[in-house]
Participant: 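This structure is in structure tokens; I'll ask about it shortly.
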Amino acid sequence: MYYDLTRGKISRSLILFALPMIAGNLLQQFYNIADTLIVGRVLGSNALAAVGSSYTLMTFLTSIFLGLSMGAGALFSIYQGRKDLSSLKLSILHAFLLILAVTLVLNLAVYAGIEPILTFLRVPDEVRPGMRTYLLIIFAGLIATSVYNFFSCMLRALGNSSVPLIFLAVSAVLNIALDLLFVAVLPFGIAGAALATVLAQYVSAVGILLYVLLRCRMWLPSKKEWRFSHSILKEILNLSSMTCIQQSVMNFGILMVQGLVNSFGPAVMAAFAAAVKIDTFAYLPVQDFGNAYSTFTAQNYGAGNHERIRRGTKDAFALSTAFSIVISLLVNLFAHPLMQIFVKASEMEVIAIGVQYLRLEGSFYLGIGWLFLLYGYYRAVKRAEMSVVLTVISLGMRVALAYLFSATALGVAGIWIAIPIGWALADMTGLFFLRRAFRSQKPA
């Protein structure tokens, strides 16, 4: 089903459009949760630490072409709002070729630089062999992830958030089944967990590619329509590069925090690996709601419906606030049993560290919920550079304060405390400029 977000009741449209995106990304987390859960239970805390650190690295790498796809998707939504089919077709062609080229270059680079990457992340000797094995296999899935994310962003930009969910559901189930087979039944060890994820990623990528080629021909240019457009490529680069930088800066900051976490040893690494999975799962709905709000804003920006954007922004912040408060309460209440899902009850030190993380950081999901809305707004109105500014503030403060606080009596707790402080500073900055934009009755 394709939604025209320039019409109808705003809150209802936002929620209905966001729900498949939320369900889809929750399923996507099962890729990594299956690895974490099965590896942690079957192979132990060192293997869990290796997979957890690899997850942070893969999130950073994926953020590069995901940022390009999200930026291009904002442009697709704007053309859709304008009903400019010719420009929409050309922008899809240009964006796909650009993102595919970037992904191939990135894939070659990470294979060539695997040893420097492990050194940069300060991976302990007891974890390093397992992490190297995992990465050598998981890197093979980067192209599949890139293809799936591009076509998902394309379909969502055009108003269809349901189809990506279908292919993701199939691959998530397959990933869990293969994890059980390759790790718990067959003696493939940590390599089996990586292989299961890569195979599942290719299933979702091939599936969505075939769907687009067979069912979305009206948005794809025919060979006669293929031509180079400097103006369209420039618009894609302007939006995509800024969104890519924003995503990369955000995840590079997280990668630097991962290096700091690794310096505290395998117990903290394992706790962080498990807690981050819970954390990401908890605030994923507000992240996807922010992406849905971005599509809503971009379509209405293209259609010139500025008053509808103002009303939609108020509704979006109210809905995100309510959800964030509820999730913060639940995570605080169930922090201990949630950690025990991933870690054996006998590993009390790992569980205690993870519970501390969840209660210190998880009390402030409101901050990240608002930040995702701000990212979505500025991307949708062609001010993606503001998203970069907010990310630099959020992650810059987080990294600086994490290194500062962790060197004091706070220890590892200082790393967790730094996170919501960074969110709060970025939120204040983004809201200040958003209010200025609305007061002038012009989109920022």
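Values in this document were obtained by computation on a predicted structure and should not be read as measured data. The residues of the chain are indexed from 1 along the displayed sequence.
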Participant: I'd like to know if the side chain of Ser91 reaches the main chain of Leu88, judged simply by a donor and an acceptor atom lying under 3.5 Å from each other, with no hydrogens or angles considered.
Facilitator: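 The answer is yes, because a donor-acceptor pair under 3.5 Å joins these two groups.
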Participant: Any luck finding a side-chain donor-acceptor pair between Ser77 and Tyr301 under 3.5 Å?
Facilitator: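 The answer is no; no qualifying pair exists.
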Participant: So among Asp315, Asp288, Thr313, which one has a side chain to side chain donor-acceptor pair (under 3.5 Å) with Tyr293?
Facilitator: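 Going through the options one by one, the only one that passes is Thr313.
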Participant: If we ignore hydrogens and angles and just use 3.5 Å, is the side chain of Arg310 paired with the main-chain N or O of Phe438 as donor and acceptor?
Facilitator: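 Looks like yes, one N/O pair under 3.5 Å.
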Participant: Is there side-chain contact between Phe323 and Pro285, with at least one heavy-atom pair below 4.5 Å?
Facilitator: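 Yes, close enough: below the 4.5 Å cut-off.
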Participant: Looking at Ala23 and Leu165, what are the two nearest heavy atoms and their distance?
Facilitator: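 Shortest heavy-atom separation between Ala23 and Leu165 comes out as C-CD1, 3.7 Å.
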Participant: Under 3.5 Å, is there a donor-acceptor pair between the side chain of Ser394 and the main chain of Leu390?
Facilitator: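 Answer holds: no.
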Participant: Ignoring hydrogens and angles, tell me if any N or O in the side chain of Tyr111 forms a donor-acceptor pair with the backbone of Ala140 under 3.5 Å.
Facilitator: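 Judged by distance alone, yes, a pair lies under 3.5 Å.
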Participant: Counting distance only, does the side-chain N/O of Tyr365 pair as donor-acceptor with the main-chain N or O of Leu329 below 3.5 Å?
Facilitator: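 No; zero donor-acceptor contacts below 3.5 Å.
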Participant: Report yes if the side chains of Ile419 and Val257 come closer than 4.5 Å at any heavy-atom pair, otherwise no.
Facilitator: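 Ile419 does not reach Val257 side chain to side chain.
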Participant: Does a sphere of radius 6.0 Å around CZ in Arg311 hold more than 12 heavy atoms from other residues, nucleotides or ligands, not counting ones at 6.0 Å or beyond?
Facilitator: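 Enclosed.
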Participant: To the nearest 0.5 Å, how far apart are OG in Ser406 and CG in Leu401?
Facilitator: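 Here the interatomic distance stands at 10.5 Å.
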Participant: Would you compute the distance between atom CZ of Phe364 and atom CG of Asp427 and round it to the nearest 0.5 angstrom?
Facilitator: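 It comes to 12.5 Å.
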Participant: Are Phe272 and Trp416 near enough that their ring centres are under 6.0 Å apart?
Facilitator: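 Ring-ring flag for Phe272/Trp416: true, centres closer than 6.0 Å.
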Participant: Do Met218 and Lys89 come within less than 4.5 Å of each other through their side chains, counting heavy atoms only?
Facilitator: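 A side-chain contact under 4.5 Å is absent here.
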Participant: Specify the closest pair of heavy atoms between Asn262 and Pro124, including all atoms of both residues, with the distance to one decimal.
Facilitator: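 Between these two residues, the closest heavy atoms are O-CG, 4.1 Å.
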Participant: Locate the shortest heavy-atom distance separating Ser171 from Ala200; write the atom from each residue and the value.
Facilitator: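 Looks like CB-O, 3.1 Å.
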Participant: Check the side chains of Asn149 and Thr62 for a donor-acceptor pair under 3.5 angstrom, ignoring hydrogens and angles.
Facilitator: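 No, because no side-chain N or O of Thr62 sits under 3.5 Å from a partner of the opposite role on Asn149.
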Participant: If we count only N and O atoms by modelled type, under 3.5 Å, do the side chains of Tyr79 and Glu235 hold a donor and an acceptor together?
Facilitator: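 Yes, a side-chain donor-acceptor pair sits under 3.5 Å.
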Participant: Determine whether the aromatic ring centres of residues Phe296 and Phe17 are separated by less than 6.0 angstrom.
Facilitator: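 Centroid distance Phe17-Phe296: not below 6.0 Å, so no.
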Participant: Do side-chain atoms of Ser328 reach the backbone of Ile325 as a donor and acceptor pair under 3.5 angstrom?
Facilitator: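 No.
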Participant: Closest approach of Gly192 and Val183, non-hydrogen atoms and distance?
Facilitator: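 For Gly192 versus Val183, the nearest heavy atoms are C-CG2, 4.0 Å.
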Participant: Could you give the distance from CG (Leu68) to SG (Cys153), rounded to the nearest 0.5 Å?
Facilitator: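 Output value for this atom pair is 10.0 Å.
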Participant: Take a 6.0 Å sphere around NZ of Lys83 and say whether it holds more than 12 heavy atoms from other residues, nucleotides or ligands.
Facilitator: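 Correct, the count exceeds 12.
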Participant: When you compare the side chain of Glu115 with that of Thr119, does any pair of heavy atoms fall below 4.5 Å?
Facilitator: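 Sidechains of Glu115 and Thr119: no contact.
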Participant: Would you say the side chain of Phe317 lies within less than 4.5 Å of the side chain of Leu431, judging by non-hydrogen atoms?
Facilitator: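 A side-chain contact exists here, since the closest heavy-atom pair is under 4.5 Å.
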Participant: Any side-chain donor-acceptor pair under 3.5 Å between Asp279 and Tyr357?
Facilitator: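 Indeed, the side chains of Asp279 and Tyr357 share at least one donor-acceptor pair under 3.5 Å.
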Participant: If you apply the rule salt bridge (charged side-chain N to carboxylate O under 4.0 Å, His left out), what do you find for Glu361 with Arg398, and how did you get there?
Facilitator: CA-CA 12 Å; Glu361 187 264 2; Arg398 173 180 175 177; over 6 Å; no
Participant: In sequence, state the C-alpha distance, the side-chain angles, and the governing distance for Ser146 and Ile99, and then conclude on side chain to side chain contact (heavy atoms under 4.5 Å, CB included).
Facilitator: CA-CA 8 Å; Ser146 179; Ile99 291 164; 3.5 Å; yes
Participant: Taking the side chain as everything from C-beta on, heavy atoms only, tell me whether Gln299 gets closer than 4.5 Å to Arg308.
Facilitator: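 A side-chain contact under 4.5 Å is absent here.
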Participant: Quick one: do Ile78 and Lys382 satisfy side chain to side chain contact (heavy atoms under 4.5 Å, CB included)? Show the steps, please.
Facilitator: CA-CA 10 Å; Ile78 291 170; Lys382 296 186 176 182; 3.7 Å; yes
Participant: Donor-acceptor pair, Ser324 side chain versus Ser320 backbone, under 3.5 Å?
Facilitator: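 Flag set: sc Ser324 to bb Ser320 pair under 3.5 Å.
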Participant: Does any non-hydrogen side-chain atom of Pro164 lie less than 4.5 Å from one of Tyr148?
Facilitator: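 A side-chain contact exists here, since the closest heavy-atom pair is under 4.5 Å.
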Participant: Taking the side chain from Asn300 and the backbone from Leu5, do they hold a donor-acceptor pair closer than 3.5 Å?
Facilitator: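 Indeed, once roles are kept as given, a pair shorter than 3.5 Å links the two residues.
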Participant: Does the side chain to side chain contact (heavy atoms under 4.5 Å, CB included) test come out yes or no for Asn332 and Leu358, once each step is laid out?
Facilitator: CA-CA 7 Å; Asn332 268 272; Leu358 291 171; over 6 Å; no
Participant: Identify the heavy atoms of Leu90 and Ser229 that sit nearest to each other, and give their distance.
Facilitator: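 Here Leu90 and Ser229 meet closest at CD1-CB, 4.4 Å.
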Participant: Can a donor-acceptor pair be found between the side chains of Thr197 and Asn175 at a distance below 3.5 Å?
Facilitator: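 Note: Thr197 and Asn175 side chains meet the donor-acceptor criterion.
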Participant: Once rounded to the nearest 0.5 Å, what's the spacing between atom CG of Leu195 and atom OH of Tyr134?
Facilitator: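 Leu195 CG to Tyr134 OH: 10.5 Å, rounded to 0.5 Å.
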Participant: If you take all heavy atoms of Val110 and Asn107, which pair is closest and at what distance?
Facilitator: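 Here Val110 and Asn107 meet closest at CG2-O, 3.2 Å.
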Participant: Would you please test Phe151 and Tyr211 for ring pair (Phe, Tyr, Trp, His ring centres under 6.0 Å) and show each step?
Facilitator: CA-CA 10 Å; Phe151 287 112; Tyr211 175 86; over 10 Å; no
Participant: Which of parallel (below 30°), tilted (30 to 60°) and perpendicular (above 60°) describes Phe150 and Phe76?
Facilitator: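 Judged by the thresholds at 30° and 60°, the geometry between Phe150 and Phe76 is perpendicular.
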Participant: List the steps and the verdict of side chain to side chain contact (heavy atoms under 4.5 Å, CB included) for Phe405 and Ile421.
Facilitator: CA-CA 12 Å; Phe405 290 168; Ile421 296 175; 4.0 Å; yes
Participant: Tell me if a side-chain donor or acceptor on Thr429 pairs with a main-chain N or O of Leu425 at a distance below 3.5 Å.
Facilitator: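 Here the side-chain-to-backbone pair exists.
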Participant: Could you tell me whether a side-chain N or O of Asn160 sits under 3.5 Å from a main-chain N or O of Val163, the two making a donor and an acceptor?
Facilitator: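 Side chain of Asn160 to backbone of Val163: a pair is present.
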Participant: Could you grab the distance from atom CG of Leu61 to atom OG1 of Thr103, nearest 0.5 Å is fine?
Facilitator: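 Here the interatomic distance stands at 10.5 Å.
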Participant: Could you measure the distance from the CE atom of Met386 to the OH atom of Tyr378? Nearest 0.5 Å is fine.
Facilitator: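 It is 4.0 Å, given to the nearest 0.5 Å.
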Participant: Taking the side chain as every heavy atom from C-beta outward, state whether Phe372 and Asn291 have any pair of such atoms under 4.5 Å apart.
Facilitator: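 The answer is no; the side chains never approach within 4.5 Å.
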